[in-house]
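For reference, the structure discussed in these notes is given below.
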Amino acid sequence: QQPVQSPQAVILREGEDAVINCSSSKALYSVHWYRQKHGEAPVFLMILLKGGEQKGHEKISASFNEKKQQSSLYLTASQLSYSGTYFCGTEGLDSSYKLIFGSGTRLLVRP
Amino acid sequence: DVKVTQSSRYLVKRTGEKVFLECVQDMDHENMFWYRQDPGLGLRLIYFSYDVKMKEKGDIPEGYSVSREKKERFSLILESASTNQTSMYLCASTTGRSEQYFGPGTRLTVT
């Protein structure tokens with residue numbers, strides 16, 4: 001089952017914060033986050049492997065709640081370069097290597 | 001610098017033609033994937049391969065087949081192209097259960 005991402009789209013002013021959520025109906029081994037800019041390939045942001053563990057870089061971080069089978073991506077003090085479509089990819093406990101991606105969240109950061 | 005390349009950025013084929021999409025990675029990754037990307041649907045897994053000559057069906061394998069004769073090369077084959085296979089096709093590779101590296105994509109139009 002495809003994970004559900006919310007919101008589907010969000011518009012921010014530069015410097016504002018945003019949260020993107022990813023929810024699965026299956027027990028998860030890991031959650032991946034990718035960003036895709038228009039006309040380009042998706043680029044890896046981070047992997048969440050343990051419940052409650054946050055991993056990130058710069059002003060983008062994420063959390064993973066194993067019990068709720070949910071992950072959230074936090075974009076703090078957004079920059080123009082954050083614009084793009086964000087995808088979560090979930091890996092089930094029984095599906096090595098195989099990711100199921102959500103339908104994406106379109107983020108636009110305006111000056 | 002890691003690299004996943006795809007044989008064509010744009011391809012136009014006629015209904016009923018046999019279509020080959022090729023993907024090559026230079027990172028010695030054992031796992032390779034083919035996805036199709038359609039607006040509002042995210043990335044959907046067609047097939048993946050975890051070793052040479054090994055393949056597994058993804059979520060939407062109907063109408064497609066794959067070939068992996070060498071570790072670095074993974075081909076997607078549309079036996080008889082149909083208009084509903086018009087889409088963006090993305091190849092990816094990874095080692096173990098880590099981040100996936102994506103190619104630039106092939107936009108296929110079937111007329």
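Chain naming here is simple, since letters A, B, ... match the order of the sequence lines and numbering starts at 1 in each. Side-chain atoms are counted along with the backbone in the values below, which use heavy atoms only and exclude waters and symmetry mates.
Hydrophobic cluster membership differs between Leu45(B) and Tyr47(B), with clusters built from Ile, Leu, Val, Met, Phe, Trp and Tyr side chains linked at under 4.5 angstrom. At a threshold of 4.5 Å between side-chain heavy atoms, the hydrophobic network of Ile, Leu, Val, Met, Phe, Trp and Tyr places Leu76(B) and Phe48(B) in two separate groups. Residue Leu90(B) is not grouped with residue Val43(A) when hydrophobic side chains (ILVMFWY) are merged at heavy-atom distances under 4.5 angstrom, including chains of intermediate members. Tracing side-chain contacts under 4.5 Å through hydrophobic residues (I, L, V, M, F, W, Y), one reaches Leu78(B) starting from Phe74(B); they form part of the same cluster. Both Leu45(A) and Val10(A) belong to a common hydrophobic cluster when Ile, Leu, Val, Met, Phe, Trp and Tyr are linked at side-chain heavy-atom distances under 4.5 angstrom.
Residue Gln8(A) does not touch chain B at all, counting heavy-atom pairs closer than 4.5 Å. Within the 4.5 angstrom heavy-atom criterion, atoms from both the backbone and the side chain of Leu43(B) approach chain A. Of the two parts of Glu56(B), neither the backbone nor the side chain holds a non-hydrogen atom closer than 4.5 Å to a non-hydrogen atom of chain A. For Gln2(A), the part lying near chain B is the side chain, with the backbone staying farther off; criterion is any non-hydrogen pair under 4.5 Å. There is no contact between Asp38(B) and chain A, counting heavy-atom distances below 4.5 Å.
The candidate with the highest count of non-hydrogen atom pairs below 4.5 Å against chain B, out of Pro42(A), Gly102(A), Gly89(A), is Pro42(A). For the set Gln100(B), Arg9(B), Arg44(B), the count of heavy-atom pairs under 4.5 angstrom toward chain A peaks at Gln100(B). Taking chain B as the reference chain and counting heavy-atom pairs below 4.5 Å, the highest number among Gln5(A), His32(A), Arg106(A), Glu40(A) is found for His32(A). For chain A, the option among Pro39(B), Gly96(B), Gly58(B) with the highest count of heavy-atom pairs below 4.5 Å is Gly96(B).
A heavy-atom distance below 4.5 Å is not found between the side chains of Asp59(B) and Phe101(A). Annotation: side chain of Phe87(A) is in contact with side chain of Gln37(B) (closest heavy-atom distance under 4.5 Å).
Within a 6.0 Å radius of NZ in Lys57(B), no more than 12 heavy atoms belonging to other residues, nucleotides or ligands are found.
The minimum heavy-atom distance between Lys98(A) and Phe33(B), with the atom names listed, is CA-CE2, 4.5 Å. Taking each heavy atom of Ala41(A) and Pro104(B) in turn, the nearest pair found is CB-CA, 4.2 Å.
Remark: aromatic rings of Phe44(A) and Phe102(B) are distant, center separation not under 6.0 Å.
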